[in-house]
Amino acid sequence: MFTLDEEDMKSLSYAGGSWNNGFIEGQLRELGIYAAGIDTIAPSVKPLRFQDGATLKAGEELLIRIDDEFSGIGDYRALIDGNWALFEWDPKNSLLSYKPDPDYISQGQLHNLELTVKDKRDNESKINLSFYW
């Protein structure tokens, strides 16, 4: 469900809810005008300041902007060379960041990053990038 701004009926915000046996179910906290809608658009995933095959210098971070216009970011999973990697999530700026750590990945090699991002309705985006570090 989405709430509609009374002044501008074009402004939508996510209010939650789910489809169950032919009905929309949800919990609303305030009275207002609501509309039913379906979020079918996957989150956007955009690397910042690096591209596929880039070389990271000492102290540099991988920065990736992830954003979802409707239901919001629900979950993300990052793998480097097939192993889980701890990325830091900054929701205020919609940024994921990763500072390479020699305890977890080898220096002087090509690495593969696989990032999967899901919104709160399970729409999914994936990127695969390589980088030297």
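Computed from a predicted structure; not experimentally measured.
- Phe87 and Tyr98 have parallel rings, their planes meeting at less than 30° on a 0 to 90° scale where 60° marks the start of perpendicular.
- A heavy-atom distance below 4.5 Å is not found between the side chains of Asn123 and Asp68.
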Could you give me the CA-CA distance, side-chain angles and deciding distance for Asp101 and Leu86, then say whether side chain to side chain contact (heavy atoms under 4.5 Å, CB included) is met? CA-CA 10 Å; Asp101 184 339; Leu86 178 61; over 6 Å; no
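- Follow the hydrophobic side-chain contacts under 4.5 Å out from Trp89 and you reach Ile80 in the same cluster.
- Within a 6.0 Å sphere centred on CD of Gln109, other residues, nucleotides and ligands contribute more than 12 heavy atoms.
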Please step through side chain to side chain contact (heavy atoms under 4.5 Å, CB included) for the pair Arg77 and Trp84, ending with a clear verdict. CA-CA 8 Å; Arg77 180 172 173 82; Trp84 180 81; 3.8 Å; yes
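- The closest side-chain heavy-atom distance from Leu110 to Phe131 is not below 4.5 Å.
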Apply the test side chain to side chain contact (heavy atoms under 4.5 Å, CB included) to residues Ile64 and Phe50: give CA-CA distance (whole Å), side-chain angles for both, the deciding distance (0.1 Å), then the verdict. CA-CA 9 Å; Ile64 301 170; Phe50 82 97; 4.2 Å; yes
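- Nearest approach of Pro43 to Lys118, heavy atoms of both residues: CG-C, 3.9 Å.
- Closest non-hydrogen pair, Ser71 versus Lys120, comes out as O-CD, 3.0 Å.
- With rounding to the nearest 0.5 Å, the separation of OG in Ser130 from CD in Gln51 is 10.0 Å.
- Distance check, rounded to the nearest 0.5 Å: OG1 of Thr116 to CG of Asp75 gives 9.5 Å.
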Residue pair Trp19, Ile24: steps toward the side chain to side chain contact (heavy atoms under 4.5 Å, CB included) verdict: CA-CA 5 Å; Trp19 186 257; Ile24 296 175; 3.7 Å; yes
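- The distance from atom CD1 of Ile41 to atom CZ of Arg121, rounded to the nearest 0.5 Å, is 14.5 Å.
- When the options Asp119, Asp67, Ile66 are evaluated for a side-chain contact (heavy atoms from CB on, under 4.5 Å) with Ile73, the one that passes is Ile66.
- Atom CG in Leu63 sits 6.0 Å away from atom OG in Ser97 (nearest 0.5 Å).
- Put simply, the side chain of Leu95 reaches to within 4.5 Å of the side chain of Leu48, judged on heavy atoms.
- The shortest distance between side-chain heavy atoms of Ser125 and Tyr76 does not fall below 4.5 Å.
- Open room surrounds CD on Glu69; 12 or fewer heavy atoms of other groups in view lie less than 6.0 Å from it.
- The CG atom of Asn83 sits 11.0 Å away from the CG atom of Asn112 when rounded to the nearest 0.5 Å.
- Side-chain contact between Leu62 and Leu129 is absent, with no heavy atoms from C-beta onward closer than 4.5 Å.
- No side-chain heavy atom of Tyr104 sits under 4.5 Å from any side-chain heavy atom of Asp81.
- The distance from the OG atom of Ser44 to the CZ atom of Arg65 is 9.0 Å, given to the nearest 0.5 Å.
- Summarising the local packing, CG of Asn21 is surrounded by 12 or fewer heavy atoms from other residues, nucleotides or ligands at distances under 6.0 Å.
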